[in-house]
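Report on one structure; see the data block that follows.
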2 protein chains.
Amino acid sequence: MTETDARAAGSGRRRPARERLLAAAARRFYADGVTATGIDTITAEAGVAKMSLYNNFSSKADLVRAYLDARHEEWLALYRSRLERAEGPRDGVLAVFDAYADHAESAYEHGFRGCGLLNAAAELPAGDEGRTVVRRHKEEVERLIAGHLEHLLPERPNDARTLAEHLSFLLEGATARAGLEGDGSRLQHARAMAAALLDSL
Amino acid sequence: MTETDARAAGSGRRRPARERLLAAAARRFYADGVTATGIDTITAEAGVAKMSLYNNFSSKADLVRAYLDARHEEWLALYRSRLERAEGPRDGVLAVFDAYADHAESAYEHGFRGCGLLNAAAELPAGDEGRTVVRRHKEEVERLIAGHLEHLLPERPNDARTLAEHLSFLLEGATARAGLEGDGSRLQHARAMAAALLDSL
DNA sequence: TCGTAACTAGACAGATCTGTACAGTCAGTG
DNA sequence: CACTGACTGTACAGATCTGTCTAGTTACGA
């Protein structure tokens with residue numbers, strides 16, 4: 001580990017401006033919304049000069065794109081961690097649900113508020129590429145479920161595809177409802193529904 | 001019908017400022033988001049003086065509340081219209097799905113963008129009462145489904161409740177995905193899934 | 001015909017927004 | 001020691017935001 005890495009990890013000295021900005025943006029964008037959060041709020045919370053933002057990102061829109069990418073990667077990390085402990089395709093499907101539940105259990109400033117990507121997409125204008133990022137994220141989640149189901153139903157690819165769509169709707173709907181209610185119990189219900197569907201195959 | 005009503009209906013002269021403002025707010029809030037839409041944009045699109053807005057609403061937040069209430073009422077009207085043509089509790093459940101599909105088929109400036117209430121909630125700060133309005137709307141939808149299922153499963157109230165939650169998740173998730181993709185086909189899939197679940201009872 | 005209520009056009013205050021400019025600090029490296 | 005690159009603090013431009021104020025118009029009903 002180099003000196004620079006040690007600092008980046010926060011052991012000796014403070015983390016570089018880019019990391020602090022992304023962390024602050026993640027908190028404020030999620031809690032207060034993208035449009036309602038100003039540049040000054042983010043730099044103040046990051047403890048960083050405004051010029052450090054524009055040295056690392058070309059505009060606020062660029063920071064928003066980095067925020068969306070980071071949320072997608074963050075979810076993938078939760079999923080992969082759950083997948084390591086999974087045994088067989090049934091556990092694989094449930095790992096997707098568990099990854100969202102893990103997300104909901106994270107410590108948030110103002111409680112769970114649903115999927116950060118979907119919330120951001122709701123604010124983005126019609127043609128914004130950020131909406132495509134979010135759409136692709138949701139399609140990847142459905143594809144991951146479908147991949148597990150293909151192993152579970154090798155003789156019935158059509159059923160596997162339909163069931164994957166069904167399960168991805170369940171997950172998405174439960175996340176939205178959990179966000180409105182501020183806690184993750186709806187996600188536990190959805191996981192139980194998914195498990196019951198898998199057992200009835 | 002009085003003279004005033006005739007004018008309000010748009011036959012002889014222009015509609016009153018409040019109606020024009022609510023219609024303009026509905027278009028802009030849905031297409032561009034609540035925070036990103038300014039007062040001046042709304043009054044310009046309504047073809048109304050700015051003071052007419054503040055004569056009818058105490059603030060922008062007040063207009064947002066009226067917008068949320070109007071979206072809820074609008075959906076209820078679609079649902080009741082579908083319910084009139086329904087025969088029996090099975091049709092009643094599907095009427096809820098059809099009401100959302102009707103919503104998706106409405107002519108929107110920039111295509112379907114999901115549930116306007118959920119999108120608005122994503123922008124509202126943590127404690128805002130608007131989030132409670134949206135939460136209660138979703139709970140009412142689930143309750144309507146549950147009411148039909150109680151008639152379908154009079155001996156199994158627990159199953160009826162669980163299935164209602166399941167169906168409401170399906171509907172919510174399909175709406176979110178349809179909003180990201182800009183058309184209503186995901187909602188048709190969800191309706192078919194719901195019908196299959198009802199047939200398997 | 002007169003009063004009233006709804007509405008209009010535009011200026012305005014004061015705050016806040018994104019993005020830029022600039023001069024200076026500080027740590028590590030050749 | 002001199003140089004480099006990241007970072008700071010503050011001031012600023014220019015646009016845009018919500019909300020207020022005022023003076024004038026228009027239409028209808030008693």
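Reminder, nothing fancy here: chain letters follow the sequence lines and each chain counts from 1.
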*Around A:H110, counting heavy atoms of other residues, nucleotides and ligands shown, do more than 12 lie under 6.0 Å from its NE2?*
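Count over threshold, so yes.
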
Of the nucleotides [options], which has the atom closest to the [X] side chain?
{"X": "A:P16", "options": "C:dC7, D:dT8, D:dC7", "answer": "D:dC7"}
{"X": "B:K50", "options": "C:dC7, D:dT20, D:dT8", "answer": "D:dT20"}
{"X": "B:M51", "options": "C:dC22, C:dG10, C:dG19", "answer": "C:dG10"}
{"X": "B:Y54", "options": "D:dG19, C:dC7, C:dG19", "answer": "D:dG19"}
{"X": "A:V48", "options": "C:dA9, D:dT8, C:dC7", "answer": "D:dT8"}
{"X": "A:K60", "options": "C:dT18, D:dT8, D:dT18", "answer": "C:dT18"}
{"X": "B:D40", "options": "C:dC22, D:dT18, D:dC21", "answer": "D:dT18"}

Rounded to the nearest angstrom, tell me the gap between atom [atom1] in [X] and atom [atom2] in [N].
{"X": "A:I39", "N": "C:dT20", "atom1": "CD1", "atom2": "P", "value": "11 Å"}
{"X": "A:N55", "N": "D:dG9", "atom1": "CG", "atom2": "P", "value": "14 Å"}
{"X": "B:D32", "N": "D:dT16", "atom1": "CG", "atom2": "P", "value": "15 Å"}
{"X": "A:L63", "N": "C:dT18", "atom1": "CG", "atom2": "P", "value": "10 Å"}
{"X": "A:R20", "N": "D:dT8", "atom1": "CZ", "atom2": "C1'", "value": "13 Å"}
{"X": "B:L53", "N": "C:dA9", "atom1": "CG", "atom2": "P", "value": "15 Å"}
{"X": "B:N56", "N": "D:dG19", "atom1": "CG", "atom2": "P", "value": "15 Å"}
{"X": "A:I42", "N": "C:dC17", "atom1": "CD1", "atom2": "P", "value": "11 Å"}

Would you check if [X] and [Y] make a side-chain contact, meaning some heavy-atom pair closer than 4.5 Å?
{"X": "B:I42", "Y": "B:E45", "value": "no"}
{"X": "A:H72", "Y": "A:E140", "value": "yes"}
{"X": "A:Y79", "Y": "A:D98", "value": "no"}

*Just call it for B:T37: base, sugar-phosphate, or nothing, with non-hydrogen atoms closer than 4.0 Å on any strand.*
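Sugar-phosphate: the residue B:T37, judged by heavy atoms under 4.0 Å, touches backbone atoms but no base.
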
_With a 4.0 Å cutoff (strictly under), does any side-chain N or O of A:S52 reach OP1 or OP2 of D:dT8?_
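Result: yes.
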
*Taking the six-membered ring where the residue is Trp, are the ring centres of B:F169 and A:H189 under 6.0 Å apart?*
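No, ring centres 6.0 Å or more apart.
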
